[in-house]
2 protein chains.
Amino acid sequence: MSVDDAEALPERTRRRRAPKPHAAGVKAVAAAAGVSLGTVSNVLNRPEVVSPLTRAKVEAAMASLGFVRNESARQLRAGSSRILAYVMLDAGNPFFTDVAKGVEEAAQAAGLSVFLCTSSEDADREAAYLDLLEQQRVQGILITPIDQNSSRLRKLPSRGTPVVVVDRALDDASHCSVAVNDVLGGELAISHLLELGHERIAYVGGPNTIGQVIDRRDGARRALRTAGKPTTNLIELTTGALTVAEGRGAGQRLAGLPADRRPTAAFCANDLLALGLLQQCVSLGLRVPEDLAIVGYDDIEFAEAAAVPLTSVRQPRQLLGRTAAELLLDESSNPDHEHQRVTFTPELVVRTSTRGTL
Amino acid sequence: MSVDDAEALPERTRRRRAPKPHAAGVKAVAAAAGVSLGTVSNVLNRPEVVSPLTRAKVEAAMASLGFVRNESARQLRAGSSRILAYVMLDAGNPFFTDVAKGVEEAAQAAGLSVFLCTSSEDADREAAYLDLLEQQRVQGILITPIDQNSSRLRKLPSRGTPVVVVDRALDDASHCSVAVNDVLGGELAISHLLELGHERIAYVGGPNTIGQVIDRRDGARRALRTAGKPTTNLIELTTGALTVAEGRGAGQRLAGLPADRRPTAAFCANDLLALGLLQQCVSLGLRVPEDLAIVGYDDIEFAEAAAVPLTSVRQPRQLLGRTAAELLLDESSNPDHEHQRVTFTPELVVRTSTRGTL
DNA sequence: GCACTCTCTTGAAACCTTTCATCCAAAACT
DNA sequence: AGTTTTGGATGAAAGGTTTCAAGAGAGTGC
């Protein structure tokens, strides 16, 4: 991004605006329909208990007055919210929007709505959103956290806001988590590269505070150990974020190395990095996979459509989101809910970027 | 999407959960700190008017009780919300997440938070979110609407919720809008293809209820007329949505045509369609651009990294979002706000998918 | 006709905060 | 010393909804 926005000069046209309105509440509706406050409330919340005739009168009054229920007041009195929130790491990463889709599916099935928030890998933003959501008394929070040990995160459930951690297996007794085994994923990727005969392999990822980055690297190391190779064969290229732009930067660094010291393969902590790396390397004249084999992670939709279709580690994205939402719903409705740690298994999808054309 | 989720069997581990908590309000804080309700409220909202000593006492009490302000009650009494919402067409389209990034930037600068909602091109979902947000009394709504003539949308501002329409130039006196000239964009795309000598051109897009789809097609037709060609040279392939999967479907249909009737170029209503089309055509053996030139729309980040780098019509995405948010903020704070219609100009970015290798 | 159900409707209390006019004590004047 | 000013703290009222115990009518059975 950020290539964007060459500050184009827009055309503007102006208009005067309409005067400020004033809202009608249940009281006004009750008066207009000639019934009591309680009846209006019943129409809103338990329509079956009010007679068809009165209900019709009340509904007509609502329509003609343009009544809009004040959710703050409702929630204050009733104590419950009909909203879930999902705090994502990065809305620009299709992996998370796919997870979000799963969340929405499950929420919709339960009659709830979902608000999406994005921390953009910034701890302060994440903290600000968590505070806000807690103050809003949302029914629950789904989050892919930046810092899984944040005290804010741990305190939330004890104060009454259920939390489910998504895409991170967190061994904390205070909430559920749903994850994919990232260590195994890293192992799958590297084993595949080792089988293809690669010896010097780069690991592209960062910052090293993000759990996914760490686990995938650990898996990579484990694969090396299992194969009896020294883990120094894994050359780490640390990036500042998990974005296409950072991937390009890593490609620049990689391509700059002399051919005899350059790794013959790269395993990237996610597909955005891999796509950036791929693009940069190709444009600098490296052939993929001949000069450099590349493995990504997440198997986002664009991985298959890349310049060289990308080998990647697939995760069940929507299922992840759906499961997380279901756990959250269970936690907030089922009195003897037990916290769970659900772990899915990733799967390697081999494409041209490692295997070449067959 | 939806290729996802082969219903992997996860492992689950269970744990007993902690007992239910109970919240502390201002009253409890006041008691604990030995001050009055009003003082606690002052610490929260106007810390400068309370003496450092009492403030410290109150803050200590808050911390030890784990006080969390009840935003519903605050909002009910104070009447104002600190939240904006952006209702997107499709969170899976990087174009919209880039717009969202611009919105967040502007909101953050003004000390507000943004909730993202996604209608997924479903009119009912859009309606449900609009109702919800209105009931929440959010400070304002940014929306890329499915149906720009929705009565719900038009009524919103008259009831007190400011609305700014994003990526659609809407000539309605009730709200601001920020858009990019889609007709011009379509024209740019087709003129480019005409210059390259193409005669039979496909237009891939749909459903035809979406404004962007219509405008870009109209621009395409206009370019043909300007060049003195019949608009029947534009062969319409209507899709059910603006997604990669639908693009693949269109590719299937296109590649199935006999070579002498098949268009030599395709203009897609967005990049997701174009990427799907590209991928499918290539895998069916068509060469791009020799057998089929392709032009996309939006110039998302993945367009450049595609199998064949995609020619596309670029829009100032973040700027679009930022401008929209600024208009919304002006509307809700400036008493003599005037509604505006801001129109940016798109730009054609030529890449290999039309021009071939030079 | 009387007692009793049953179906709807009612109105006051409660939810938690913010606001604002008032009050207090100490400091600053005359 | 007496009066005004000032910096802080106070507490009752208000905001729009839901809840719930209680009431009102109409219908039923004897």
Next on the checklist: I need the CG-P distance between B:Asn42 and C:dT19, as an integer number of Å.
Outcome noted: 9 Å

Next on the checklist: How many whole angstroms separate atom CZ of B:Arg137 from atom C1' of D:dG16?
Outcome noted: 9 Å

Next on the checklist: Does D:dT18 have its OP1 or OP2 closer than 4.0 Å to a side-chain nitrogen or oxygen of A:Arg69?
Outcome noted: yes

Item to check | Length of the line joining A:Lys27:NZ and D:dG15:P, which is rounded to integer Å | outcome: 7 Å

Item to check | Distance below 4.0 Å between B:Ser51 side-chain N/O and D:dA9 OP1 or OP2 | outcome: yes

Next on the checklist: Of the listed nucleotides (D:dT17, D:dT18, C:dT19), which one gets closest to any side-chain atom of A:Ser41?
Outcome noted: D:dT18

Item to check | Protein-nucleotide distance (B:Met62, atom CE; C:dT17, atom C1'), rounded to Å | outcome: 12 Å

Item to check | Below 4.0 Å: OP1/OP2 of C:dC15 and any side-chain N or O of B:Ser72 | outcome: no

Checklist entry - For B:Thr39 and D:dT10, is the shortest distance between a side-chain N/O and OP1 or OP2 below 4.0 Å? => result yes

Item to check | Residue mapping more 5' on DNA chain C - nearest nucleotide basis, A:Leu37 or B:Arg46 | outcome: A:Leu37

Checklist entry - Using a cut-off of 4.0 Å on non-hydrogen atoms, how would the nucleic acid contact of A:Val40 be classed: base, sugar-phosphate, or nothing? => result nothing

Checklist entry - Any side-chain N or O of A:Asn45 under 4.0 Å from OP1/OP2 of D:dT18? => result yes

Checklist entry - So what does B:Gly25 touch, heavy atoms closer than 4.0 Å: a base, only the sugar-phosphate, or nothing? => result sugar-phosphate

Item to check | Between D:dG25 (P) and A:Leu53 (CG): distance, integer Å | outcome: 17 Å

Item to check | side-chain contact (heavy atoms from CB on, under 4.5 Å) assessment of A:Val26 paired with A:Ser41 | outcome: CA-CA 7 Å; A:Val26 271; A:Ser41 176; 5.6 Å; no

Item to check | Test: A:Arg159 and A:Glu134 ion pair at under 4.0 Å | outcome: yes

Checklist entry - Taking N and O atoms by type only, does the side chain of A:Arg77 place a donor or acceptor under 3.5 Å from a partner on the base of D:dT18? => result yes

Item to check | Shortest non-hydrogen separation from A:Ala73 to B:Leu76 and the atoms involved | outcome: CB-CD1, 3.9 Å

Next on the checklist: Nearest to the side chain of B:Ala73, heavy atoms from C-beta on, is which of D:dT18, C:dC16, C:dT18?
Outcome noted: C:dC16

Next on the checklist: Return whichever of A:Val68 or B:Val49 has its heavy-atom-nearest nucleotide of DNA chain D closer to the 5' end.
Outcome noted: B:Val49

Item to check | Donor-acceptor pair present, B:Arg74 side chain and C:dT17 base, under 3.5 Å | outcome: no

Item to check | Candidates D:dT17, D:dA9, C:dT17 - which lies nearest the side chain of B:Asn70 | outcome: C:dT17

Checklist entry - Going by an N to O cut-off under 4.0 Å, is there a salt bridge joining A:Glu104 and A:Lys101? => result no

Next on the checklist: Nearest 0.5 angstrom please: B:Met88 CE to B:Ser120 OG, how far?
Outcome noted: 9.0 Å

Checklist outcome for this item: Of the candidates C:dG11, D:dT17, D:dT18, the side chain of A:Ala78 sits closest to D:dT18

Checklist entry - A:Leu44 has an atom CG; how far is it from atom P of D:dG16, in whole Å? => result 15 Å

Checklist entry - Among D:dG16, D:dA9, D:dT18, which nucleotide sits nearest the side chain of B:Leu76? => result D:dG16

Item to check | Spacing of A:Ser72 atom OG and A:Arg77 atom CZ [to the nearest 0.5 Å] | outcome: 15.5 Å

Item to check | Between D:dT10 (C1') and B:Lys57 (NZ): distance, integer Å | outcome: 14 Å

Checklist entry - What's the CZ-C1' distance between A:Arg55 and C:dT7, to the nearest Å? => result 14 Å

